[in-house]
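Only a predicted model underlies this, so the values are computations on that prediction, with no experimental measurement involved. Only heavy atoms go into these numbers, but all of them, side chains included; no hydrogens, no water, no symmetry mates. Labels below follow one simple rule: chain letters A, B, ... track the order of the sequence lines, proteins then strands, and each chain is numbered from 1.
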Amino acid sequence: MKYATTLNDKTYIIEINDDRHIVVDGVEYAIDFASLAGQSLYSLLLDNESYESFVEEREEAWQVLLRGVLYEVRVADEREERLRKASGGLAVSGGEFSLKAPMPGLVVAVPVAEGQTVVKGDNLIILESMKMQNELKAPRDGTVSRVRVKAGDSVEHNQVLATMA
Amino acid sequence: MKYATTLNDKTYIIEINDDRHIVVDGVEYAIDFASLAGQSLYSLLLDNESYESFVEEREEAWQVLLRGVLYEVRVADEREERLRKASGGLAVSGGEFSLKAPMPGLVVAVPVAEGQTVVKGDNLIILESMKMQNELKAPRDGTVSRVRVKAGDSVEHNQVLATMA
Amino acid sequence: MFKKVLIANRGEIAVRIIRACRELGIATVAVYSEVDRNALHVRYADEAYSIGPAPSRESYLRIDKILDVARKTESDAIHPGYGFLAEREEFAAACEEAGIAYIGPKPSAIAAMGDKAVARATVTKAGVPVVPGTEAEGSLRDEEIIAIAPQIGFPVLIKATAGGGGKGMREVIRPEDLSGALAAARREAEAAFGDGNVYLEKLVTGARHIEFQILADTHGNVIHLGERECSLQRRHQKVLEESPSPFVDPHPELRARMGEVACKAAAAVDYVNAGTIEFLVDKEQSFYFLEMNTRLQVEHPVTEAVTGVDIVKEQIRIARGRKLRYTQEDVSLNGWAVECRINAEDPYNNFLPSTGQIKSTILPTGPGVRVDTGVYAGFEVSPYYDSLISKLICWGEGRGEAILRMRRALEEYRIVGVKTTIPFHQTIMNSHRFIAGHFDTRFIEERFEMDEDRELRPEIAAILATLVAHRESQMAAQIVQRGERDTSNWKWVGRYERMHR
Amino acid sequence: MFKKVLIANRGEIAVRIIRACRELGIATVAVYSEVDRNALHVRYADEAYSIGPAPSRESYLRIDKILDVARKTESDAIHPGYGFLAEREEFAAACEEAGIAYIGPKPSAIAAMGDKAVARATVTKAGVPVVPGTEAEGSLRDEEIIAIAPQIGFPVLIKATAGGGGKGMREVIRPEDLSGALAAARREAEAAFGDGNVYLEKLVTGARHIEFQILADTHGNVIHLGERECSLQRRHQKVLEESPSPFVDPHPELRARMGEVACKAAAAVDYVNAGTIEFLVDKEQSFYFLEMNTRLQVEHPVTEAVTGVDIVKEQIRIARGRKLRYTQEDVSLNGWAVECRINAEDPYNNFLPSTGQIKSTILPTGPGVRVDTGVYAGFEVSPYYDSLISKLICWGEGRGEAILRMRRALEEYRIVGVKTTIPFHQTIMNSHRFIAGHFDTRFIEERFEMDEDRELRPEIAAILATLVAHRESQMAAQIVQRGERDTSNWKWVGRYERMHR
């Protein structure tokens, strides 16, 4: 299986054909790869160098936490990569944005109203969790199309709080 | 549900009718009982006293490890207990004894032969595990009816090594 | 000695206090909210009582319920820990009225130091220098504060009167931002303390936050256990502490002077038990009294590590009326200790709190390493309480060894299930400025970037991501294949178990 | 300093050494057998190499394979840990030949101390008293040993020439048991060391086993770090150690005298690096040289806890040719430390080894507690290596505090999945004789009963067993019910997961 893996604008072509070897940009390495805690924690011996890392998928990208540094990595298999290139690599931007609760909590304030225009960085919702006031901000300029919560509401993790057009 | 629970020759009549209460020899206690590690480790709040204990079944009895002390407890439900009493409480002794490997290991010596008479405490098998020589002894007087392993054999946990008549 | 102590707290500090009691042969009573049934403090205590639903106001802040439990269990004493009821005059007073020893200062001392205006006035009278500000004015309305601000001079700091721990605090650089910041600070203070009162203070720039641990007994003896460097803060929350302070350590005469002033400040309010005097120190070694924390601090272990004194046991002995077992001359600082506060927050996503079940964990251990934590694999980190889930303390013969040990301990520490600030601390431990000891209270917010000064291994990260992506697609394919075959439920479970072993 | 160190060991001691290297900024190379792929030392090292199948002889004892890895990785030095190749002259020599520093003494010192006869002769010449015995006679046949025994006088002790750790040791009270005991001892010695040679020694009764930790550099400096009390043994295996010794501590002049003799014994073989001189001490304070362990000891952490010296780092510095950083005058014992060896053995079933997967674990932490372990939840304890899975070390201001702290730490420590000796240590910590410091090397075997001196709670045990039995019968009933319903595989897995969360 061949993958095109991208990190900081650099793409590595990585080939995995069996459990014990990997080819990275044409160079072969011996590997011994193990899942350690049933989820997200992995041990890799790469040509006998020992690495341990948290690897988790988050919104289309892989978050790799390695020796205290976080890397955001995109992995596409060959077919996907060809399709992406054919489509001209158009990113789907604009469109609707849904603000989801990043954790369970209590809405303490909603400083915006439906129809209001906001600029990037404006507070949309103030959510209290773990005794902290967390300001959830607009990721870009736009208009608040819908506000789904009010002050005093308890919300679940990933619940949609507001949408922006 | 009513149980007759025996420990050190004392029997407690224990009634469990709901999740929050228990009646021991006619005295009711409030309980909050929780399994902690998915197996063998439990937390009990008994009239708000907090206890944590390893509880495991082993050969018909429950081994309770509580604050560094091991108790061996037999639990029978009412019906079983009535049957046991009706049968006169006859313990099944004598009969065949099978010596099982208490852990995986390597047989280093078999100091007995089939047909040999042994007395309680005689070594039947010497099994090496974790770099220790473990002497597995006859639990009573008798005759070795069958020896199923020889020096040099690797054995699995619970594998039958020898039988005594 | 006391026969039984009730711990009016939860989390790592409740566990810490239970440990001290157990080592003194004292029985312990835990109280817990509904979501904390399986918390470590409930498991470790001799008795445990549910005191209400998850929100603190309905459980850990309910003085009436806690005193009911204390009376019912015939507890001799109550330890408040930190946070919750730890600096509430009325709680200490209610314990006193109920005939139960409060392991802390007298209500009058809590009151005197809790009201920042009274505190400033009292210590000023005792000759202790203070930072210019408005606490002395009592509760002011927003208009009044806005009017006074120019006299103090910008930048200013808004602080909650009832405050502590950075809650309700806001820095204001420009006069036009003052009004909005006041509203935000009052809202946060109200939520955190049930008291929205705030005051202004001059913002001392380039300042270090250095505090002295003091111990005072009921026989009039007051000593200090040296200083702690607490300048590394984020949103006015301490994130990392050390003892001694790299700023103070080269100047023993400064330590002696500050220690003496700290004892004087404590004596000024007839302080008894353990407490902390916080100072702001500028580059010229001028120091200003900030406030006194009339309780055990989160960061007390660094002092324990360098002095060998078990501060919680000493608190209990003092509350029992014993004389201090140490004189000032007995106290010396041996080696160096650093504490990292491990919070359930995502340092790569604006430190948003992270809740959920801890799936597995590996603690760093070995020489010179101490971990104080209230969580374990299987425990659910809930959104109701603060995000501190663990404290990692490393001792070394010198600051260098302590930092190197902290680096290796942070790298060993595994917490699976929630995001933590471990990578944040790893970046600090690799920061050249931190290693050189060059930092002030603004360092984290102004001159610190995640993953700065780090050795980068992008290729390894790319390989890891690819291997995991590959593995998951393989597993998904297998599961579909398996699902197609005819298998009874029983076999399925067995197979599932093997898969997940 | 070295750039890279290979650790020729596994388990907790490999982890301990990796930690020291990491704190010194030295890269580490782990070697591992096939069953140890996921062991902690493999996870923590910078590089890791498989060196063969599980049995030690095919992996951890393979000098050729280990040196191959050392050469391939360009390691500057090798640390042998304890056990395995730690006291093999030929290993130290092979390292020297390969131009790789051996972190330990010279081959000649290992040889001199490893051959008990030479050791006795050498230290006797240096004026060190020894226990009467036959080691000086070289390899004797059974008949010869049986002939000499009456001259030494019963009771006698059979010991393995290559020995250590109680392997191949047998006590013989009656002359008629000698022949059988010799056979058993030779068999065990052969299995453990590949060398069936044994010798006899007079059994000193009522004796204490007290050892001195020494450090010697390549510049001729030799110091000791005080003594360790190791009298608590089972089958001649140490189970618990402390520093200082409750027997020696009241007599500083005895400590000085023994320490001086220990340094002299080390100097007699031109000893370099860390080592231990073991003494038997009788009630009259007479002491006899027993043997020298020419390596790091399992129990080194108690010395680290009271002296503040990181012995493993010191070993590495010495191997690098550095001068000792301490003089004898710099060393003082601060407080008291106790170590409990936690073995995967069932103390209620004749200490039979217990293997299997660690399902979950909670480590005791907090002030004064250190855990050195190589296992974690998910790790499989295999039957191939020794049963030591963890060491729990507690420090206190005095012996009383150390013991009380150990009690609470043992009660906190949870290891689910294998049986451990934790309850055994809990019984010791509650034993009146142990607390009073009244014990000798025979205490565990002759005057100790499991669960002696313990507070018993039979009713609570009865309730717990009944609740678990009830719970299991309820669950079994539910599973049968569920099985009857029609549920797709997918639903089943989901439900199973929820049940086992």
[X] versus chain A, the contacting section by heavy-atom distance below 4.5 Å:
X: S387(C); result: both
X: I463(C); result: both
X: L388(C); result: neither
X: S382(C); result: backbone
X: E345(C); result: side chain
X: Y384(C); result: backbone

Under the side chain to side chain donor-acceptor pair (under 3.5 Å) criterion, do Y51(A) and R457(C) qualify, and how do the steps go? CA-CA 11 Å; Y51(A) 298 96; R457(C) 308 300 302 266; 2.9 Å; yes

Should the pair H470(C) and Y3(A) be assigned to parallel (<30°), tilted (30 to 60°) or perpendicular (>60°) ring geometry? perpendicular

With a 4.0 Å cut-off, would you call [X] and [Y] a salt bridge?
X: K167(C); Y: E188(C); result: no
X: E12(C); Y: K391(C); result: yes
X: E452(C); Y: R454(C); result: no

Report the option among [options] that has the most heavy-atom pairs separated by less than 4.5 Å from atoms of chain A.
options: T466(C), T355(C), N343(C); result: T466(C)
options: N430(C), I460(C), I422(C); result: I460(C)
options: R471(C), E472(C), M450(C), R187(C); result: R471(C)
options: L467(C), L464(C), V416(C); result: L467(C)
options: P423(C), P353(C), A184(C), A461(C); result: P353(C)

Hey, what do you get for [atom1] ([X]) to [atom2] ([Y]), rounding to the nearest 0.5 Å?
X: M406(C); Y: I428(C); atom1: CE; atom2: CD1; result: 10.0 Å
X: S33(C); Y: R62(C); atom1: OG; atom2: CZ; result: 13.0 Å
X: Y82(C); Y: D386(C); atom1: OH; atom2: CG; result: 6.5 Å

Checking [X] against chain C: side chain, backbone, both or neither under 4.5 Å from a heavy atom?
X: E72(A); value: neither
X: S129(A); value: both
X: V24(A); value: side chain
X: Q63(A); value: neither

Considering all heavy atoms, the nearest V147(A)-A113(A) contact: CG2-C, 4.3 Å

If we define contacts as heavy-atom pairs under 4.5 Å, which of [options] has the most with chain C?
options: M1(A), K10(A), H157(A), E52(A); answer: E52(A)
options: L65(A), L127(A), N8(A); answer: L65(A)
options: V108(A), L70(A), L136(A); answer: L70(A)
options: V73(A), I31(A), I16(A); answer: I16(A)

Using the rule given for side chain to side chain contact (heavy atoms under 4.5 Å, CB included), can you reason through D36(C) versus F379(C), listing the C-alpha separation, both sets of side-chain angles and the distance that settles it, and then say yes or no? CA-CA 9 Å; D36(C) 275 342; F379(C) 184 75; 4.0 Å; yes

Please answer whether the main-chain N or O of H21(A) pairs with a side-chain N or O of D18(A) as donor and acceptor at a distance below 3.5 Å.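 The answer is yes, because a donor-acceptor pair under 3.5 Å joins these two groups.
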
Is the F351(C)-F424(C) ring centre distance short of 6.0 angstrom? yes

